[in-house]
There are 2 protein chains.
Amino acid sequence: MALRHAVLAALLDGELSGYQLAKAFDVGVANFWYAQPQQLYAELTRLEKEGLVAGREVVQESRPNKRLFHVTDPGLAELETFTAASAKPAVVRDDLLVKVQAAERVDTDALVAQLTERAQVARAKIDLFGTLLRRLRGDRTEEDFLRHGDRIGPYLTCLRGVAFEQENHDWCVRTVAILEERRQAHARH
Amino acid sequence: MALRHAVLAALLDGELSGYQLAKAFDVGVANFWYAQPQQLYAELTRLEKEGLVAGREVVQESRPNKRLFHVTDPGLAELETFTAASAKPAVVRDDLLVKVQAAERVDTDALVAQLTERAQVARAKIDLFGTLLRRLRGDRTEEDFLRHGDRIGPYLTCLRGVAFEQENHDWCVRTVAILEERRQAHARH
DNA sequence: ATTGAGTAGTCATTTTTATGACTATCATGG
DNA sequence: CCATGATAGTCATAAAAATGACTACTCAAT
């Protein structure tokens with residue numbers, strides 16, 4: 001039951017509708033939590049029922065009405081309790097790594113293709129997070145922002161996102177190089 | 001349904017009992033997949049029923065008998081199919097990052113404590129993986145092993161584990177430093 | 001005039017994962 | 001002699017997450 005805390009944390013930076021929240025989970029939040037829109041809508045409903053978030057209807061011209069949610073005081077208290085509890089180690093689950101574990105017992109072409117694709121995705125994410133970081137810190141330097149800015153949480157998680165994707169990218173590229181080299185060495189026999 | 005593939009990939013390096021598999025999922029495999037022993041036993045049962053793995057009873061003196069499992073040809077084919085299918089992006093889910101996202105709206109002490117603990121865990125894992133890597137490559141250099149070794153899959157995933165934990169560690173340490181500095185700056189007012 | 005994309009959201013069901021509670025045996029330390 | 005921890009598992013159930021199939025409205029392009 002930690003999706004709820006991810007939602008609460010995401011809502012700290014301003015009111016969001018379920019739809020906007022889903023967008024957020026597609027970009028920045030995806031750094032540390034992944035969820036489908038349906039899950040988010042369901043979770044928002046539960047959170048509202050428990051009084052941890054509150055929503056207000058916003059009537060819109062020219063597009064469907066929406067409900068904007070914000071975290072309530074009990075919601076903040078819940079986040080506080082959650083933070084105080086010890087974090088269970090992060091679960092890592094990556095199909096691609098499973099495939100690499102089986103490297104050379106399975107088709108190398110498919111593996112190389114997927115590693116290449118993953119490297120590209122990582123690169124795209126690095127760019128995306130870079131843009132996000134610039135937007136978050138405005139015209140300040142990173143150092144200045146981290147010292148005196150007021151909402152550094154999202155910036156910090158985004159920094160980790162960049163580092164993670166950079167590492168991911170480099171590893172994919174290196175792994176492809178190794179597999180290709182071995183393939184060529186093998187072909188010479 | 002990818003736990004099954006993680007199990008198959010883990011069994012490529014030799015016969016394992018459910019118990020040994022659980023141990024493997026606690027160390028090396030934990031790099032890219034996490035599962036409870038109970039899940040593994042259940043999955044092995046299913047895999048055996050479908051003929052993707054086969055087990056043989058090993059009668060032991062002085063301790064309970066065990067069943068050693070190995071991947072069958074249909075199992076290898078299944079892994080092949082799995083590898084050919086495009087990998088869905090890895091799901092990331094980390095409680096600690098959720099907490100950092102909420103940084104400064106929640107108790108900083110608790111956050112710093114958990115980041116510090118996480119950094120220590122990361123350091124321990126780096127050491128563990130280092131040992132594992134040395135064991136895998138034997139007396140060869142890394143370069144030599146990656147070029148000519150025969151089972152490089154586990155080595156490659158382990159390399160990523162090291163890089164990941166290193167990045168994790170560094171980020172935790174930096175984040176702690178930033179939070180501490182801000183706290184001191186705040187205290188001076 | 002219709003199709004496709006974007007906004008905004010709901011419902012029901014299945015699949016996967018996680019948890020708690022168990023059964024055994026053997027070896028070791030105190 | 002008893003407790004603890006390692007080995008080697010099983011069963012049932014609860015919780016979480018993923019999936020598929022929907023409803024509506026608007027705008028822009030074909």
Side-chain angles (χ1 to χ4, degrees), chain A residues 1-8 15-27 29-30 32-50 53 55-69 82 85 87-95 98, chain B residues 1-8 15-27 29-30 32-50 53 55-69 82 85 87-95 98:
Chain A
M1 250 210 297
L3 167 61
R4 65 183 332 152
H5 300 111
V7 169
L8 288 172
E15 287 184 319
L16 292 175
S17 67
Y19 191 80
Q20 291 172 310
L21 194 59
K23 295 286 164 200
F25 269 73
D26 259 1
V27 285
V29 182
F32 55 91
W33 211 269
Y34 167 82
Q36 306 277 140
Q38 295 99 315
Q39 287 173 261
L40 298 175
Y41 283 117
E43 195 60 50
L44 280 173
T45 306
R46 272 194 293 272
L47 285 167
E48 193 182 23
K49 207 174 292 170
E50 296 174 41
V53 305
R56 62 186 181 89
E57 183 92 21
V58 174
V59 178
Q60 297 185 112
E61 297 290 301
S62 91
R63 75 188 53 181
N65 295 344
K66 61 182 173 183
R67 307 199 57 213
L68 293 182
F69 293 92
F82 170 70
K88 52 178 164 188
V91 292
V92 186
R93 276 178 178 151
D94 192 340
D95 275 9
V98 172
Chain B
M1 251 211 297
L3 167 61
R4 65 182 335 152
H5 301 113
V7 168
L8 289 172
E15 286 185 320
L16 292 176
S17 67
Y19 192 80
Q20 292 172 310
L21 192 61
K23 296 287 163 197
F25 269 73
D26 258 2
V27 285
V29 183
F32 55 90
W33 212 268
Y34 167 81
Q36 305 279 138
Q38 293 100 314
Q39 288 173 258
L40 299 175
Y41 283 117
E43 196 61 49
L44 280 173
T45 305
R46 272 193 294 270
L47 284 168
E48 194 182 22
K49 207 172 294 169
E50 296 173 41
V53 305
R56 61 185 183 89
E57 183 92 19
V58 173
V59 179
Q60 298 185 113
E61 297 289 301
S62 91
R63 71 189 56 181
N65 296 343
K66 61 183 173 183
R67 307 199 58 214
L68 292 183
F69 294 92
F82 171 69
K88 51 180 166 187
V91 293
V92 186
R93 278 179 178 148
D94 192 342
D95 276 10
V98 172

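Quantities reported herein were computed from a predicted structural model and do not represent experimental measurements. Lettering follows sequence order; numbering is per chain, from 1.
Straight-line distance from the CD atom of A:Gln60 to the P atom of D:dA24: 19 Å, rounded to whole Å. As rounded to whole Å, 15 Å separates atom C1' of C:dC11 from atom CD of A:Gln39. Between the CD atom of A:Glu43 and the C1' atom of D:dA16 there is a distance of 10 Å, given to the nearest Å. Taking atom CZ on A:Phe25 and atom C1' on D:dA18, their separation rounds to 15 Å, with Å as the unit. Atom C1' of nucleotide C:dT10 and atom CG of A:Leu40 are separated by 14 Å, given to the nearest angstrom. A straight line from NZ of B:Lys66 to P of C:dT25 spans 19 Å, rounded to a whole angstrom. Rounded to a whole Å, the NZ atom of B:Lys49 is 11 Å from the P atom of D:dT10. Look at CZ on A:Arg67: it is 19 Å from P on D:dA24, rounded to the nearest Å.
Regarding contacts with the backbone of C:dG6, every side-chain N or O of A:Lys23 stays at 4.0 angstrom or more from both OP1 and OP2. Between A:Arg93 and C:dA18 there is a side-chain N or O to OP1 or OP2 distance below 4.0 Å. Taking side-chain N and O atoms only, B:Tyr19 has no distance below 4.0 Å to OP1 or OP2 of D:dG9. The side chain of B:Ser17 contributes no N or O atom lying less than 4.0 Å from OP1 or OP2 of D:dT7. When the side-chain nitrogen and oxygen atoms of B:Gln20 are compared with OP1 and OP2 of D:dA8, none of them lie within a distance under 4.0 Å. Side-chain N/O atoms of A:Gln36 include none lying less than 4.0 angstrom from OP1 or OP2 on D:dA17.
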message = One pair to check against side-chain contact (heavy atoms from CB on, under 4.5 Å): A:Leu40 and A:Leu3. What are the steps and the verdict?
response = CA-CA 8 Å; A:Leu40 298 175; A:Leu3 167 61; 4.0 Å; yes
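The side chain of A:Tyr41 lies closest to C:dG9 when the candidates are D:dA17, C:dT7, C:dG9. Here D:dT19 is the nucleotide among C:dA8, D:dT19, D:dG9 with the atom lying nearest to any side-chain atom of B:Lys88.
If A:Tyr34 and B:Asn65 are placed on DNA chain D by their nearest nucleotide, the residue sitting closer to the 5' end is B:Asn65. For the pair A:Ala2 and A:Ser62, both in contact range of DNA chain D, the more 5′-proximal nearest nucleotide belongs to A:Ala2. Along DNA chain C, the nucleotide closest to A:Thr45 and the one closest to A:Arg63 are compared, and the more 5′ of them pairs with A:Arg63.
Nearest heavy atom pair, residue B:Gly55 against residue B:Phe69, reads CA-CD2, 3.6 Å.
For B:Gln38 against C:dG20, a side-chain N or O and a base N or O form a donor-acceptor pair under 3.5 Å.
When atom types are taken as modelled, the side chain of A:Arg93 and the backbone of B:Tyr34 share a donor-acceptor pair closer than 3.5 angstrom. Between the side chain of B:Glu50 and the backbone N or O of B:Leu47, no donor-acceptor pair lies under 3.5 Å.
The pair B:Glu48-B:Arg67 meets the salt-bridge criterion, since a charged nitrogen lies less than 4.0 angstrom from a carboxylate oxygen.
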